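Structure, as structure tokens:
Since the structure is predicted, the reported quantities are computational estimates derived from the model, not experimental observations. Just so you know, these numbers use all the heavy atoms, side chains as well, and skip hydrogens, waters and symmetry mates.
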There are 2 protein chains.
Amino acid sequence: MKSLKTPPIFCCPPLLAGCLTGAEAASAATLFRVLGEPARLQLLSLIAAQPSGEVCACELVESLGLSQPTVSHHLKVMYEAGLLEKERRGTWIYYRIVQAQLVSLREVLG
Amino acid sequence: MKSLKTPPIFCCPPLLAGCLTGAEAASAATLFRVLGEPARLQLLSLIAAQPSGEVCACELVESLGLSQPTVSHHLKVMYEAGLLEKERRGTWIYYRIVQAQLVSLREVLG
DNA sequence: GACTCACATCGATATATGTCAATATAGAAA
DNA sequence: TTTCTATATTGACATATATCGATGTGAGTC
């Protein structure tokens, strides 16, 4: 914090408002934080690598060295963040990537 | 985990290797995790909004509602992640954004 | 040297979260 | 209904980290 007894002589004037509002920063940060986990990035990569664009959850459990509850947890985190959509077909649940969220993050990085 | 006593009859065959290796996922996740903090995104936004492309640290301290040690911590985290570079000029330290890291993250999202 | 400003580090604390074993739930098939 | 498979939830634990007050460090000024 700047000292209270002296005016800002040596330092620069306050910045203009930045491009990102607090709310925008918060929502983008929530998505980035979801991506900030190697296991989740690999799950996304596995889904994206499929020509069908979807993968059943049991395949994802087998592909990483993680337990089934842990994979289920990561899928839930990404689903609730809007990065994945899921569809039940019989016993299995298929996950797909929601592109819109990734696109908005790319714009933040631009 | 799949049951050990039965072969994978009802389930699908293992996936091919995903696009991201474990190491690639780890390094990208580290960067995403750094971005997964609203305060850090706002700091980046403030720096990016400057025509000069650089901002002295004291301005950043004043622009967010956070204490000076906290801002210093966030700047250090981003600097060590390679997202920022800094230059001391006299008493002040100026921070600039390193574009290369952001570009690589955009590619991961593509 | 003495003082001030800018920034970094330390220590402590609270909170968040990744992980798994155990268990629950839900659908399919017998 | 009973049983099996697929997925989710719970509870517990360990680790990471955001935050701040206090203090240290380094540069400039008097």
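Checking D:dT7, C:dT19, C:dA8 against the side-chain heavy atoms of B:Lys86 singles out C:dA8 as nearest. Taking only side-chain atoms of A:His74, from C-beta outward, the nucleotide of C:dT19, C:dC7, C:dG18 with the closest atom is C:dT19. Distances were taken from every side-chain heavy atom of A:Thr91 (C-beta onward) to each of D:dT5, C:dC7, C:dG18; the shortest belongs to D:dT5. Checking C:dC7, D:dT17, D:dT7 against the side-chain heavy atoms of A:Cys56 singles out D:dT7 as nearest. Looking at the side chain of A:Leu66, the nearest of the listed nucleotides C:dT19, D:dA18, D:dC20 is C:dT19.
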Using distance only, find each side-chain donor-acceptor pair of residues 101-110 of chain B under 3.5 Å and give its atom names and separation, not counting sequence neighbours.
residue: B:Gln101; atom: NE2; partner: B:Ala81; partner atom: O; Å: 2.9
residue: B:Ser104; atom: OG; partner: B:Gln101; partner atom: O; Å: 2.8
residue: B:Arg106; atom: NH1; partner: A:Leu109; partner atom: O; Å: 2.8

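Residue-to-nucleotide proximity on DNA chain D shows that, of B:Gly36 and B:Gly90, the 5′-proximal contact is made by B:Gly36. Each of A:Arg33 and A:Val71 lies near DNA chain C, and the nucleotide nearest A:Arg33 is the one positioned closer to the 5' end.
Atoms CG and CG, on A:Leu43 and A:Leu75 in that order, are 5.5 Å from each other to the nearest 0.5 Å.
Using a distance-only test at 3.5 Å, with no hydrogens or angles considered, no donor-acceptor pair links the side chain of A:Arg89 to the main chain of A:Thr91. The backbone N or O of B:Met78 sits nowhere less than 3.5 Å from a side-chain atom of B:Arg40 that would complete a donor-acceptor pair.
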Exercise. Can you list the steps and then say if B:Ile47 with B:Leu84 is a side-chain contact (heavy atoms from CB on, under 4.5 Å)?
Worked result: CA-CA 10 Å; B:Ile47 299 174; B:Leu84 292 181; 3.8 Å; yes

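Residue B:Tyr95 is in sugar-phosphate contact alone, with no base atom involved, counting any heavy-atom pair closer than 4.0 Å across all strands shown. Residue B:Arg89 is classed as having no contact, given no heavy-atom separation below 4.0 Å to the nucleic acid.
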Anything under 3.5 Å between a protein N or O and an N or O of nucleotides 9-12 of chain C, put it in a table, one pair a line.
residue: C:dT9; atom: OP2; partner: B:Lys76; partner atom: NZ; Å: 3.4

